[in-house]
Amino acid sequence: MNKPVRVRYAPSPTGFPHVGNIRTALFNWLFARHNNGKFILRIEDTDVSRKVEGALDSILTSLKWLGLDFDEGPGIGGPYGPYFQSQRLDIYRSTAEKLIAGGYAYYCFCSPERLDSMRQEQAKLKQPPGYDRRCRNLGKEEISKLKAEGITPVVRFKIPLEGQTVFNDIIRGDVVFENSTQDDFVLLKSDGFPTYHLANIVDDHLMEVSHVLRADEWLSSTPRHVLLYQAMGYEAPLFAHLPIILGPDRSKLSKRHGTTSLMEFKKQGYLSEAMVNFLALLGWSLDEKTEIMSRKDLVDNFSLERVGKTGAIFNLEKLTWMNGTYIRALRENELVSRAIPFLEETLPAEVKRPLSRELIKLIVPLVRERVRTLKEFADMSDFFFMEIPEYSTSLLLGKGIKNKETALMAVQRAHGGIEQLAKFDATSLEGLLRPLSEQIGIKTGDFFGLLRIAVTGRMVAPPLFQTMAVMGKDKCLKCLDSAIKKLITLK
RNA sequence: GCCCCCAUCGUCUAGUGGUUAGGACGACGGCCCUUCAAGCCGUUAACAGGGAUUCGAAUUCCCUUGGGGGUACCA
């Protein structure tokens, strides 16, 4: 109980981490940091067939993006390495042999085909599927004979035939399994690689992991792990099975639920700090009201006691809202820096690069309150960078002013007034345009709406005068010219 | 089928025997207003069902139902 806290995130490199995986990483990291412990990254690459190229990179990138730094692991090493299971094969093999010698495990020569037909048979007879333990009591001669035939066996664990396995889960309390319902699972595959169960237990022990915080889907294999620890004479770590993150249909999160890959959220313009905050609240809460919490708040307050038991649906709406509040809270310069990559991505090639930081800085106060993601930031501000906005002429005669002549007159009057404006700022523009609206007898809403289209090409944009001020006199005039032409040529 | 876990507004959740069951997202309405947002105010909406214990249950126990996970030489 007084052992130093050492926890690990142990993904297998079989794909890009999705928000569920990474939430597990986050909880481990928070727990480690809160307790001044160590956070270890261990790569469980024991399934050669499922290995995906680039998966390791994406794991590293994901952790880095969220700022989940690890103390030991790939790239940085550590006193308990190597941190790739594929580089620890000898350890698992010798452990398996020890287990066999001790009578806790045995060689199994059954072919995949036999296992398969056995399962089909069991399914037909409505019996619980499971290995029938044919090889459990093979004699020495039989074993050598089968080996001589060239069959490479797997190693299976000998589940006690009777009794029960009990363990205490920090989140769920005591959990009891009847040993009779457990299968003689495989420890070592015929390709010489260990299964998750073996490798995981061996490494957690060797790496002195104190707490295993993992997703709930592992709960039902925990008795196997407990039995393994016992067989090996190891002290088991403490377990905490975290509630699972579900898709909108309440099933385990997977690709078919759309955007689930963490880095996809980055691409969509979500901030990592919002992501961390949001993910932390998926299964954990501080109290009855706190929503927005900094990384430090989270580290300071995180505790397993306040982790819930129920699976949580990933609520994109709420994440988006939270992201908006984080964007609004960003310092101006910071938001500029963060928005630039998205503008680079969104803006057409004609817009000359590098983009002007000065201009973006002027745009920030105008769009900050109107966007929830950085992508929306880019989408909303593209017209600031274009010469003349593109839009359909019909927009000019949209909802307010239906009459072509009236619209034309209004734009011309605005053009004339602006041309003579000495000072081109929001206040002067308002001083000019508001009275003008009355002079020409058009409601301000309609008049400003018309100008908004002319200047931005959109019906929805930041406040008109400020927008125009940022755009500058020349450009505004050009836009108005263009609108006038459009109206004239309109039949 | 079998094993395990879970069960409060649509969603994320607070709540550990006595609360008008609280907050947040969303939705809806209002204020503000040149559009859209933001902000502020308000409305909507939940203890799955049934027993038991108790003076008193969202809170404890049991059953039912529902949901999820597992049941691989995947993790």
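We use all heavy atoms of the structure for the numbers below, so side chains are in, but hydrogens, waters and symmetry mates are not.
As rounded to whole Å, 15 Å separates atom P of B:C3 from atom CG of A:D183. Between A:Y9 atom OH and B:A75 atom P the separation is 16 Å, expressed in whole Å. Atom CZ in A:F447 sits about 11 Å away from atom C1' in B:U34, given to the nearest Å. What separates CD of A:E305 from P of B:U16 is a distance of 16 Å, to the nearest Å. Atom pair A:L281:CG and B:A24:C1' shows a separation of 9 Å (rounding to whole Å applied). For the pair A:R93 CZ and B:C73 P, the computed distance is 19 Å after rounding to whole Å. Between the CG atom of A:L253 and the C1' atom of B:U11 there is a distance of 15 Å, rounded to whole Å. Taking atom CG on A:D184 and atom C1' on B:U71, their separation rounds to 14 Å, with Å as the unit.
Spacing between B:A24 and B:A46 at atom C1', rounded to whole Å, works out to 15 Å. Here, B:G10 and B:C4 have their P atoms 31 Å apart, quoted to the whole Å. Nucleotides B:A57 and B:A52, compared at atom P, are 11 Å apart to the nearest Å. The same atom, P, is picked in B:U43 and in B:A21; the two are 15 Å apart, to the nearest Å. Comparing the same atom, P, in B:C40 and in B:G26 gives a spacing of 12 Å after rounding to whole Å. B:U71 and B:A14: their C1' atoms are spaced 36 Å apart (whole Å). As rounded to the nearest Å, B:A58 and B:U8 have P atoms that lie 15 Å from one another. To the nearest whole angstrom, the two C1' atoms, one in B:A72 and one in B:A45, are 44 Å apart.
In this structure, A:E291 reaches the bases: a heavy-atom distance under 4.0 Å links it to at least one base atom across the strands shown. A:G324 comes within contact range of no nucleotide atom at all, as no heavy-atom separation falls under 4.0 Å. Using a 4.0 Å heavy-atom distance criterion, A:T222 is classed as making no nucleic acid contact. A:R306 comes within contact range of the sugar-phosphate backbone alone, with a heavy-atom separation under 4.0 Å but no base atom that close. Across all strands shown, A:R368 has no heavy atoms under 4.0 Å from either base or sugar-phosphate atoms. A:K252 comes within contact range of the sugar-phosphate backbone alone, with a heavy-atom separation under 4.0 Å but no base atom that close. At a threshold of 4.0 angstrom between heavy atoms, the contacts of A:R458 with the nucleic acid are absent.
Checking B:C73, B:G22, B:C25 against the side-chain heavy atoms of A:K318 singles out B:C25 as nearest. Among the nucleotides B:G70, B:C74, B:A72, the one closest to any side-chain atom of A:P129 is B:A72. Candidate nucleotides B:C73, B:C74, B:G68 were compared by shortest atom distance to the side chain of A:I244, and B:G68 ranks first. When each of B:U34, B:A75, B:G68 is scored by its nearest atom to the side-chain atoms of A:F465, the top-ranked nucleotide is B:U34. Here the nucleotide nearest the side chain of A:T444, chosen from B:C73, B:C25, B:U34, is B:U34. For A:L464, counting side-chain heavy atoms from C-beta on, the closest listed nucleotide (B:G70, B:C74, B:U34) is B:U34. Checking B:C74, B:C25, B:A14 against every side-chain atom of A:N315, the shortest atom distance belongs to B:C25.
Pair check for B:G29 finds B:C41; Watson-Crick or G-U wobble, both atom distances under 3.5 Å. In a base pair of the Watson-Crick type (N1 to N3 plus N6-O4 or O6-N4) or a G-U wobble (N1-O2 and O6-N3), with each distance short of 3.5 Å, B:U65 is matched with B:A7. Remark: B:C47 base-pairs with no nucleotide; criterion is Watson-Crick or G-U wobble with both hydrogen-bond distances under 3.5 Å. When both pairing distances are held under 3.5 Å, B:U59 makes no Watson-Crick or G-U pair with any nucleotide shown. Of all nucleotides present, only B:G70 satisfies the Watson-Crick or G-U wobble test against B:C2, with each distance under 3.5 Å.
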Strictly under 3.5 Å: I want the nitrogen or oxygen pairs between protein and nucleotides 4-6 of chain B, one per line.
unit_1 : atom_1 : unit_2 : atom_2 : d
B:C5   : O2'    : A:R172 : NH1    : 2.7

Each nucleotide N or O in nucleotides 36-39 of chain B that has a protein N or O under 3.5 Å away: list the pair and distance.
unit_1 : atom_1 : unit_2 : atom_2 : d
B:C36  : O2     : A:R370 : NE     : 2.6
B:C36  : N3     : A:R370 : NE     : 3.1
B:C36  : N3     : A:R370 : NH2    : 2.9
B:C36  : N4     : A:R370 : NH2    : 3.4
B:A37  : O2'    : A:E369 : O      : 2.3
B:A38  : O4'    : A:E369 : O      : 3.2
B:A38  : O3'    : A:R328 : NH1    : 3.2
B:G39  : OP1    : A:R328 : NH1    : 3.2

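Judged by distance alone, with hydrogens and angles left aside, A:K289 brings no side-chain donor or acceptor close enough to the base of B:A24 to form a pair under 3.5 Å.
With no hydrogens or angles considered, a side-chain donor-acceptor pair links A:Y326 and A:N277 at under 3.5 Å. No hydrogens or angles considered: nothing links the side chains of A:H241 and A:R172 as a donor-acceptor pair under 3.5 Å. Side chains of A:T222 and A:R214: a donor-acceptor N/O pair is present below 3.5 angstrom, by distance only. With 3.5 Å as the limit, one finds a donor-acceptor pair spanning the side chains of A:S428 and A:D425. A donor-acceptor pair shorter than 3.5 Å can be found between the side chains of A:D203 and A:Y92.
For A:K158 and A:D184, the salt-bridge test fails: no basic side-chain N is under 4.0 Å from an acidic carboxylate O. A salt bridge is absent between A:D216 and A:K252; no separation between the charged side-chain nitrogens and carboxylate oxygens falls under 4.0 Å.
The shortest distance between side-chain heavy atoms of A:T260 and A:F16 does not fall below 4.5 Å.
In this structure, the side chain of A:K486 does not engage the main chain of A:S394 through any donor-acceptor pair within 3.5 Å. Checking side-chain atoms of A:R23 against main-chain N and O of A:L282 turns up a donor-acceptor pair under 3.5 Å. When atom types are taken as modelled, the side chain of A:S437 and the backbone of A:I442 share a donor-acceptor pair closer than 3.5 angstrom.
Taking A:F377 as the reference, nothing meets the ring pair (Phe, Tyr, Trp, His ring centres under 6.0 Å) condition, with sequence neighbours excluded.
The shortest heavy-atom contact between A:A231 and A:L99 is CB-CD1, 4.1 Å.
Where A:P11 and A:R250 each meet RNA chain B at their nearest nucleotide, the meeting point lying more 5' is that of A:R250. The residue among A:I313 and A:W218 whose nearest nucleotide of RNA chain B is located toward the 5' end is A:I313.
An OP1 or OP2 oxygen of B:U71 is reached within less than 4.0 angstrom by no side-chain nitrogen or oxygen of A:S221. Phosphate proximity of B:C73 to A:R119: present, with a side-chain N or O under 4.0 Å from OP1 or OP2. Residue A:T181 places no side-chain N or O under 4.0 Å from the OP1 or OP2 atom of B:C2. Look at A:R224 and you won't find any side-chain N or O under 4.0 angstrom from OP1 or OP2 of B:A72. Between A:K189 and B:C74 there is a side-chain polar atom (N or O) within less than 4.0 angstrom of OP1 or OP2.
From A:L271, atom CG reaches atom CG of A:N323 across 4.5 Å, with rounding to the nearest 0.5 Å.
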